[in-house]
Amino acid sequence: MIEWIIGILMVLGSLFMLLAAVGILRLPDLPTRMHASTKAGAMGAIFIMTAVVLHFSTGIVLARALAIVLFIIMTAPIAAHVIARAGYFVGVPLWRGTVKDELRDHYDPISHSLDHEELTTLTAKQKKSSS
Amino acid sequence: MDSLLLNSVYILMSLALLVAFLRLMKGPSLPDRVVALELIASIVVGFVGVHAIDTGVASLLDVAIVIALMAFLAAIGFARFIERRGTAND
């Protein structure tokens, strides 16, 4: 019985990883690719770590697998955010079907600053906080 | 464990590695390659987990922890590098 559950979990995990890889190959631009790789990749790793815990079923393995899963859940969004930010700043082109890019009208790619209105409110806030 | 099942799981994950490697080769920009690299690290973590089930060696999970940690640090480092360099094409 438990063998069946382990097998199903492993196959599900590897299928999720294959899905993430296909998504990273087929999707049109950087943010959508990131959307595929972070979520589906983390899900695959979580399924396989659950299978590992069920197979060994000791406390030490549970602690290690929990550490891996927590680490993946914590770091995958941070890494994706940092890479997406860097990619947007250096001008990686978005897909031409992109519907919403709220930063485009407010952001100056040459000076890396927001537009004038936002900038004055920001500096006013900074002055208020520093005084 | 059933060896047919383990082999099919290995084959699926190798296929995933291959497809992610295609994106790593194609690019077209450096951030795309970094995303592919991160996915490859995630797949390798899963690979190590399946290998731990296959061989029955629980210590292999330490390897998976180290790989996950290194992948995160590499992603942060690459992002800093891209942002400081300022161009997308390589």
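Remember, it's a predicted structure, so these values are computed and weren't measured experimentally. Throughout, protein chains are lettered first and strands after them, A, B, ... in sequence-line order, and every chain is numbered starting at 1.
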Legend entry - hydrophobic_cluster_shared for B:Val34 and B:Leu24, side chain cutoff 4.5 Å: yes
Inset, instruction - Would you mind checking which part of A:Met10 comes under 4.5 Å of any heavy atom in chain B, side chain (CB onward), backbone (N, CA, C, O), both or neither? - result: both
Legend entry - Gap separating the CD1 atom of A:Ile24 from the CD atom of B:Glu38, nearest 0.5 angstrom: 9.0 Å
Legend entry - For B:Gly46 against A:Met17, the heavy-atom pair lying closest together: CA-CE, 3.8 Å
Inset, instruction - Could you check which of B:Ala20, B:Ala58, B:Ser59 has the highest count of heavy-atom pairs closer than 4.5 Å to chain A? - result: B:Ala58
Legend entry - Distance-minimising heavy-atom pair for B:Gly49 and A:Val52: O-CG2, 3.5 Å
Legend entry - Same cluster (ILVMFWY, side-chain, under 4.5 Å), A:Ile48 and A:Ile5: yes
Inset, instruction - Might you work through the side-chain contact (heavy atoms from CB on, under 4.5 Å) test for B:Val45 and A:Met49, ending with a clear yes or no? - result: CA-CA 9 Å; B:Val45 168; A:Met49 284 307 143; 4.0 Å; yes
Legend entry - Euclidean distance, B:Ile65 CD1 relative to A:Phe71 CZ, rounded to 0.5 Å: 9.5 Å
Legend entry - Proximity breakdown for B:Val48 and chain A, heavy-atom pairs closer than 4.5 Å: neither
Inset, instruction - Measure the CD1-CG distance between B:Ile11 and A:Leu18 for me, rounded to the nearest 0.5 Å. - result: 12.0 Å
Inset, instruction - Considering non-hydrogen atoms only, spot the tightest contact between B:Leu61 and A:Ala65 and give its length. - result: CD1-N, 4.5 Å
Legend entry - Hydrophobic cluster membership, B:Val9 vs A:Ile2, 4.5 Å side-chain cutoff: yes
Inset, instruction - Looking only at non-hydrogen atoms, find the nearest pair between A:Ala86 and B:Ala79 and report the distance. - result: CB-O, 3.7 Å
Inset, instruction - Group every Ile, Leu, Val, Met, Phe, Trp and Tyr by side-chain heavy-atom contacts under 4.5 Å, then state whether A:Leu54 and A:Met1 land in the same group. - result: yes
Inset, instruction - Calculate, to the nearest 0.5 Å, the distance between atoms CG and CG belonging to A:Leu25 and B:Leu39 respectively. - result: 11.0 Å
Legend entry - Distance in Å, B:Asp2 CG paired with A:Ile6 CD1, rounded so as to fall on 0.5 Å steps: 12.0 Å
Inset, instruction - Examine A:Tyr88 and A:Leu27 and state if one hydrophobic cluster contains both, with Ile, Leu, Val, Met, Phe, Trp and Tyr joined whenever side-chain heavy atoms are less than 4.5 Å apart. - result: no
Legend entry - Contact class of B:Leu5 relative to chain A, heavy atoms under 4.5 angstrom: side chain
Inset, instruction - State which residues pass ring-ring contact (aromatic ring centres under 6.0 Å, His included) with B:Phe47; sequence neighbours excluded, sorted by chain then number. - result: B:Tyr10
Inset, instruction - Could you name each residue pair satisfying side-chain hydrogen bond (donor to acceptor under 3.5 Å, both in side chains) that touches residues 51-69 of chain A, not counting sequence neighbours? - result: A:Arg64-B:Asp62
Inset, instruction - Among the options B:Leu6, B:Ile67, B:Ile53, B:Ile76, pick out the one with the most heavy-atom pairs lying under 4.5 Å from chain A. - result: B:Ile53
Inset, instruction - Please say whether more than 12 non-hydrogen atoms of neighbouring residues, nucleotides or ligands are located less than 6.0 Å from CZ in B:Phe78. - result: no
Inset, instruction - Answer yes or no: does atom CD1 of A:Ile8 have more than 12 heavy-atom neighbours from other residues, nucleotides or ligands under 6.0 Å? - result: yes
Legend entry - Non-hydrogen atoms of A:Ser37 and B:Val35 that approach each other most closely: OG-CG1, 3.5 Å
Legend entry - A:Ile83 versus B:Ala75, closest heavy-atom pair with distance: CD1-CB, 4.1 Å
